[in-house]
Amino acid sequence: MLVALSGGADSAVAAWVAQRLATGWVRAAFVHHGLASSDLMADAAGAVATHLGLPLETVEVSVAAGASPEAQARDVRLEALETLGEGDWIVTGHTADDRVETMLLNLFRGAGATGIGSIKERRDRYVRPLLAFRRHEIRRAATDLGIPYVDDPANLDRAHARNRIRHDLIPQLEAEWNPRLVESLLRTADAVAADDEWLEAMAAQLLSPEATDRMPAALLATAPDAIAARVVRRLLRTDRHHAPPSARDVAAVRAVAAGQAIRLPLEHDWEVSREGPFVVVAPKGERSVGSDVPLAVPDDVEFGEWRIDSRRVTGRPPVLIGGRRALIDGSISELVVRGAREGDRIDMQRGRKRVMEALAEAGVAPHLRHGWPVVAADGRIVWLAGVRVAAWATAVGADQILLSSRRERM
């Protein structure tokens with residue numbers, strides 16, 4: 001387990017709990033954001049780790065400017081923790097109060113059921129063992145355990161929306177409307193989260209794990225609104241982005257699926273377009289073709305989403321079915337794998353054909369053509385992966401090379 005240790009009471013108690021529940025190694029990490037109170041909290045995290053006998057690693061990050069400094073800091077913090085704790089459970093000290101504050105922040109932003117359901121006890125590799133407890137209970141536990149925690153001064157700064165909700169809004173609502181407000185909102189969050197979990201399971205059935213950039217437009221156009229929106233969010237979600245897709249992006253994808261537009265822009269320089277029966281999400285413009293990758297014989301190389309391998313054929317050559325494999329002349333040397341480029345041509349029996357035209361004829365979607373893997377030698381295309389072998393490179397005689405391609409993420 002990797003405990004996200006802030007130096008405060010909540011994460012300190014979470015670390016104490018992790019030590020007693022873990023069957024394997026427990027360590028801690030402090031993410032230093034370079035803020036005014038970061039040095040103070042780094043010292044506090046070190047004191048907690050020493051008290052508990054935990055190894056501690058400090059990771060320094062920089063927070064980019066943005067509309068929401070809190071969101072920017074959260075994103076870089078999560079990225080740092082996931083990189084450091086690759087393969088580990090990541091333990092955080094979130095409490096019931098954090099869950100209610102997040103619920104209200106999401107509600108004011110116009111979030112749906114997923115946002116109102118708020119923080120969950122487990123999400124992917126994140127576990128939150130204190131989520132059923134109030135913040136004041138955790139502080140009392142930290143004091144009783146003698147853990148040397150420190151309160152972060154940044155948590156008093158009213159410039160942050162969460163702090164205004166924590167110190168002003170919730171106490172006012174408790175005083176004037178409902179003294180058990182937090183418990184009431186937690187019941188609402190639990191009820192909405194249960195509904196959301198069921199709807200998410202329904203959406204997961206419609207979107208296969210391989211569908212990372214496309215899906216049938218008819219499915220999106222005919223699915224119930226609650227399901228279709230969740231399918232789109234799953235399609236748009238990327239490892240680069242912790243924040244959920246915006247409502248505007250979800251609406252854009254659904255508009256293209258319904259035939260209201262052929263192509264619409266999305267955030268972060270992506271776009272959605274209609275290609276035949278599919279809705280496709282891809283980066284704007286041409287894909288980067290990357291650098292040439294040498295391909296020895298025998299060997300296999302990774303090229304973006306692809307794996308290309310080669311081996312010499314001895315004896316009787318294999319029967320080739322489909323375009324995934326190809327035989328080329330064994331005398332060809334110094335093979336490289338690179339991406340297809342505008343202006344590339346492949347030799348035919350008579351004349352030459354534009355590579356982009358050959359890919360179109362083979363049914364390759366437009367957004368995949370730029371950067372499609374080709375095997376080349378001495379500046380000439382040998383094989384357009386999965387499509388055709390150049391006429392000059394066709395296997396002759398007993399000395400042959402077998403090329404294979406496999407796209408590992410569709």
Arg135 versus Asp98, closest heavy-atom pair with distance: NH2-OD1, 3.0 Å

Does a salt bridge link Asp168 with Arg162, judged by any charged N lying under 4.0 Å from a carboxylate O? no

Does Asp249 come within less than 4.0 Å of Arg233, counting only side-chain N to carboxylate O? no

Let me see the working for Asp347 and Lys353 under salt bridge (charged side-chain N to carboxylate O under 4.0 Å, His left out), right down to the final yes or no. CA-CA 7 Å; Asp347 291 306; Lys353 181 184 286 287; over 6 Å; no

Examine the side chains of Thr95 and Arg128 and answer whether a donor and an acceptor come within less than 3.5 Å of each other. no

Got a second to check how far Ile401's CD1 is from Ile328's CD1, nearest 0.5 Å? 4.5 Å

If you measure from the Lys or Arg side-chain nitrogens to the Asp or Glu carboxylate oxygens, is any gap between Glu267 and Arg248 under 4.0 Å? no

State plainly whether the residues Glu82 and Arg125 are in salt-bridge range, i.e. N to O under 4.0 Å. no

Using a 4.5 Å cut-off on heavy atoms from C-beta on, say whether the side chain of Val76 contacts that of Ser62. no

Any non-hydrogen side-chain atom of Gln19 less than 4.5 Å from a side-chain atom of Leu54? yes

Can you find a heavy atom in the side chain of Leu236 that is under 4.5 Å from one in the side chain of Val253? yes

In plain terms, say whether Arg139 and Asp10 are close enough for a salt bridge, that is, a side-chain N and a carboxylate O under 4.0 Å apart. no

What I'd like to find out is whether the side chain of Phe108 reaches to under 4.5 Å of the side chain of Leu169, using heavy atoms alone. yes

Which pair of non-hydrogen atoms, one from Pro294 and one from Val301, has the smallest distance, and what is that distance? O-CG1, 3.4 Å

Is any side-chain heavy atom of Ser6 closer than 4.5 Å to one of Tyr149? no

Can you tell whether the side chains of Asp190 and Arg99 come within less than 4.0 Å, N to carboxylate O? yes

Carboxylate-amine/guanidinium proximity below 4.0 Å for Asp196 and Arg230: yes

Below 4.5 Å, heavy atoms only, C-beta onward: do Val192 and Thr114 meet side chain to side chain? no

Is the count of non-hydrogen atoms from other residues, nucleotides or ligands lying under 6.0 Å from Glu357 atom CD greater than 12? yes

Below 4.0 angstrom, N of the basic side chain to O of the carboxylate: do Asp344 and Arg354 qualify? no

Charged N to carboxylate O below 4.0 Å: is that the case for Lys120 and Glu197? no

Around atom CZ of Phe133, are there more than 12 heavy atoms of other residues, nucleotides or ligands at under 6.0 Å? no

Asp88 (side chain) donor-acceptor with Ile90 (main chain) under 3.5 angstrom: no

Can you find a pair of side-chain heavy atoms, one from Val59 and one from Val61, that are under 4.5 Å apart? yes

